[in-house]
Amino acid sequence: MAATTKIRILRATYRFQFNEHFRLNDACGLVPYLYELGISHIYASPLFKATPHSLHGYDVNDFSRLNPEIGTEEDLAALVAALHDHNMGLVLDIVPNHMGIGHPESVWWWDVLKNGQTSKFAAHFDINWNSTEPGLRGKILIPVLGEPYESILAKHQLQLHFQNGVFTLRYYENQFPINPASAKELPEDAEAIKKFNDDLGKLGELIRKQNYLLGDYRQGDAKLNYRRFFAISTLAGLRVEDEKVFNDVHSLIRHWYKKGWIDGLRVDHPDGLRDPEQYLQRLRALAPNAWIVVEKILEPAESLPADWPVAGTVGYEFLNETGGLFIDADSEKAFTGLQTQFVGDTVDYDTLIREKKRMVLKTLLATEIQRLGGILQKIATRRKAYKHLTGPELAEAITETIVFFPTYRSYVAPDREKISEADRTQIKLATRLARENCSALPVEIFTLIAHLLIRPSRGADVHDFVYRFQQLTGPVMAKGVEDTAFYCFNRLITLNEVGGNPLRFGVTPEAFHDFNCRLQTAWPHNMLASSTHDTKRSEDVRARLNLLSEIPEEWSRTVRHWSAINECHRRANWPDRNIEYLLYQTLVGAWPLTLDRVLAFMEKAALEAKEHTTWDKRDTGYEKALQNFISEVLHDPEFTADLERFVSGIVDYGRINSLAQTLIKLTAPGVPDIYQGCELWDLSLVDPDNRRAVDFELRQRLMPEAKLFSPENIWKHRSEGLPKLRVIHHVLALRARRPELFPGSYEALTAQGIRAEHLVSFRRGEKLITIIPRFLKKLKNDWQDTQLVLPPGNWHHEFTGEQFNGTIQPGSLFQKFPVALLVQKENE
């Protein structure tokens with residue numbers, strides 16, 4: 001971000017998930033509690049008018065209105081006033097890439113369905129009005145029918161309705177507008193409408209005159225003619241590259257920003273945009289002093305584009321680096337062996353990634369490949385050297401290039417003739433690997449694709465190809481890797497997080513410190529996340545599960561023992577061993593949890609894995625076998641007793657891991673974020689589990705104890721979550737009291753001794769030191785000669801009140817509290 005841009009520095013954010021069950025007034029009542037906790041900004045999920053009863057807000061129906069289900073403009077004004085009274089502020093999550101279209105209240109989309117290409121909102125959406133699919137030219141495919149259209153019509157499941165002076169076509173709960181030109185002769189009284197609906201000839205003729213084509217929901221992946229968010233047909237892509245569309249999408253944001261209500265913006269899915277840099281430049285111009293972060297998923301060796309006018313990312317790379325610090329790399333071979341032996345198959349992760357990306361491209365995103373292939377064929381036919389290439393060959397080459405693409409996307413801007421060296425390198429790599437893997441395809445296809453992406457010539461088709469190619473690689477990575485492969489490769493599931501790499505088994509202290517140094521230099525105001533609304537497991541689940549890497553032999557014996565106990569609950573060799581192994585890790589990480597939560601998570605995991613059942617082709621036999629197995633397992637007293645015995649042996653070590661990663665988050669370079677409820681232990685799984693109601697009354701009741709109890713008493717009440725609340729409160733209070741400590745430099749401090757690898761420490765500036773232990777179960781409290789030499793001066797332990805100087809031993813440092821934050825007085 002440009003050095004001349006002045007933004008308000010945030011101390012810490014607290015994420016709220018707003019919906020009809022948690023409204024603006026609820027948040028307003030919690031402002032004093034958050035202020036006491038030390039939070040500087042509420043970080044709000046999208047606040048715009050969403051699909052009715054939305055629990056997340058990412059399906060915006062109307063960008064010009066506040067969601068009435070969460071409150072009124074007056075309620076928002078009251079929340080902002082309460083925040084400002086406490087010297088706090090608001091960060092807003094925004095969704096520029098897409099909007100919800102599954103309800104009549106989606107006013108832009110409804111108008112397009114009603115008026116077609118003549119709608120004033122037709123250009124707001126990325127619609128291919130020139131589709132080659134029969135009957136689709138000039139129309140929009142709406143894939144919502146449970147059967148082919150002809151069957152649905154014959155069964156009288158499509159009905160004309162007239163209510164409040166408006167004609168609609170209805171299919172169960174789905175409603176569609178009627179083209180005004182086709183409505184002139186329609187009857188308005190109930191009896192006449194009934195007769196009209198009974199006449200399938202007339203009804204069918206009316207439907208054919210509409211600007212949309214109703215189709216079987218299974219047709220969407222292959223025939224859809226509008227860009228959507230990933231594979232969700234009820235979320236249509238927006239063309240915010242058009243300045244008018246940008247202004248319409250951001251009109252309410254602009255209004256709130258000018259009123260001084262917004263201090264920061266979190267941009268959802270920027271990789272879906274045609275030109276992310278252009279978009280962010282416009283957003284920066286709209287909100288010049290706002291703290292802006294982007295939901296950019298970085299691969300381990302990837303960097304955020306340095307010229308983006310933002311403060312950084314939402315922090316998934318920090319989440320994975322910090323989590324990896326608590327995974328013992330020495331156990332990788334043992335975990336690979338256990339996975340191979342228990343599952344009964346050798347899983348090559350890189351091959352799995354390619355298979356799943358290829359599958360996604362040929363199924364869920366097939367229509368995007370068809371569109372890209374059509375554009376490329378137009379380009380090829382105009383060039384003598386490529387005129388002989390066929391449509392299927394071109395589509396296959398595009399598919400394979402995306403399969404081998406190493407990151408979410410590149411950022412070539414052909415109309416500005418801009419390409420970075422990093423993008424040039426990864427495009428060359430992807431086309432080379434695709435060419436080597438597809439010897440049956442003409443070599444020149446990959447030459448053409450590489451040339452277009454690296455040295456795009458002038459021309460609308462070429463620019464369109466480059467931008468659409470880049471918009472597609474991200475969804476393929478998300479759906480193929482995060483939402484498929486991550487549910488198939490279960491070696492150690494804590495590694496299967498957004499932006500993570502399951503093959504990166506552990507992070508060394510040296511790599512961790514190097515990462516933080518880069519953050520401090522390049523993105524000092526990056527968001528630091530540990531749990532989010534999108535994480536597959538909460539920070540505390542991962543903290544506990546990471547302990548398994550410290551006890552590989554015991555874990556291997558335990559898995560085999562549990563499998564033997566539960567063999568009697570299997571039916572006809574179902575469920576498969578892979579998902580059984582996922583179940584055992586899930587139970588260990590989140591125990592205790594109810595049967596309904598386990599069933600919901602495992603059902604989603606099975607559907608996302610797409611190995612035996614899928615969202616659009618449910619195998620009820622497999623799903624029933626899985627449900628029965630889980631239910632019987634959790635009602636088996638022998639198994640549950642042994643599960644509780646095993647978890648009881650690691651639960652406290654998991655809590656210490658959680659405290660350690662929390663302290664790191666609060667003191668590393670960046671802006672720490674607390675996901676709702678995570679100031680206490682939180683053992684949540686993937687959404688919707690992590691969006692359950694939070695008991696804020698409990699948290700408010702515990703705050704005085706967290707502030708005033710002695711360290712020993714805090715630890716005695718560790719099952720209630722007091723240690724975590726204590727750490728968050730004390731560090732954020734320090735950040736408020738002495739803000740000058742945290743923008744300071746970052747320096748790794750290295751311990752000496754035989755067990756030095758178990759101690760990780762760093763200094764911020766001259767007067768603050770973070771010290772945390774790791775691998776404590778493996779250590780067995782035997783620090784031997786390990787010691788850390790402190791910089792000169794007297795150091796105050798922020799959590800215990802003790803004073804330290806000179807050389808310290810971990811055993812004495814952690815005697816009263818398991819993590820340490822040492823601070824020097826201002827005048828020392």
Only distances under 3.5 Å count here; give the side-chain donor-acceptor pairs of residues 586-594 to other protein atoms, sequence neighbours excluded, each with its distance to 0.1 Å.
unit_1 : atom_1 : unit_2 : atom_2 : d
T586   : OG1    : L582   : O      : 2.8
T594   : OG1    : D596   : OD1    : 2.4

Point to revise | Aromatic ring proximity Y675/H533, centre distance under 6.0 Å | key: no
Practice item. Measure the spacing between OG of S549 and CZ of F335 and express it to the nearest 0.5 Å. Key: 6.0 Å
Review point. Is there a donor in the side chain of T535 and an acceptor in the side chain of E497, or the other way round, less than 3.5 Å apart?
Key: no
Exercise for review: Mind checking the CD-CZ spacing from E644 to F639? Nearest 0.5 Å is all I need.
Suggested key: 10.0 Å
**Study point:** Any residue meeting salt bridge (charged side-chain N to carboxylate O under 4.0 Å, His left out) with R218, in chain and number order, not counting sequence neighbours
**Key:** D216
Exercise for review: May I ask you to test the D636-E632 pair for a side-chain heavy-atom distance under 4.5 Å?
Suggested key: no
Check your understanding: In Å, rounded to the nearest 0.5 Å, how long is the span from CG of L472 to OG1 of T401?
Key -> 11.5 Å
Point to revise | Test item: R266 side-chain N/O and V294 main-chain N/O as donor-acceptor pair under 3.5 Å | key: no
Review point. Around atom NZ of K223, are there more than 12 heavy atoms of other residues, nucleotides or ligands at under 6.0 Å?
Key: no
Review point. Does a donor on one side chain and an acceptor on the other come within less than 3.5 Å for D423 and Q426?
Key: yes
Practice item. Decide whether D616 and T614 meet the rule of one side-chain donor and one side-chain acceptor closer than 3.5 Å. Key: yes
Practice item. Verify, without hydrogens or angle tests, whether N496 (side chain) and F486 (backbone) share a donor-acceptor contact under 3.5 angstrom. Key: yes
Review point. Which word best sums up how the rings of W562 and W555 line up, parallel for under 30°, tilted for 30 to 60°, or perpendicular for over 60°?
Key: perpendicular
Check your understanding: For S684 and R692, does a side-chain donor sit closer than 3.5 Å to a side-chain acceptor?
Key -> yes
Check your understanding: Is it true that a side-chain atom of R774 and a backbone atom of N657 form a donor plus acceptor pair closer than 3.5 Å?
Key -> no
**Study point:** D328 side chain vs E550 backbone, donor-acceptor pair below 3.5 Å
**Key:** no
Practice item. Spell out, as yes or no, whether a donor-acceptor pair under 3.5 Å connects the side chain of D576 to the backbone of I579. Key: yes
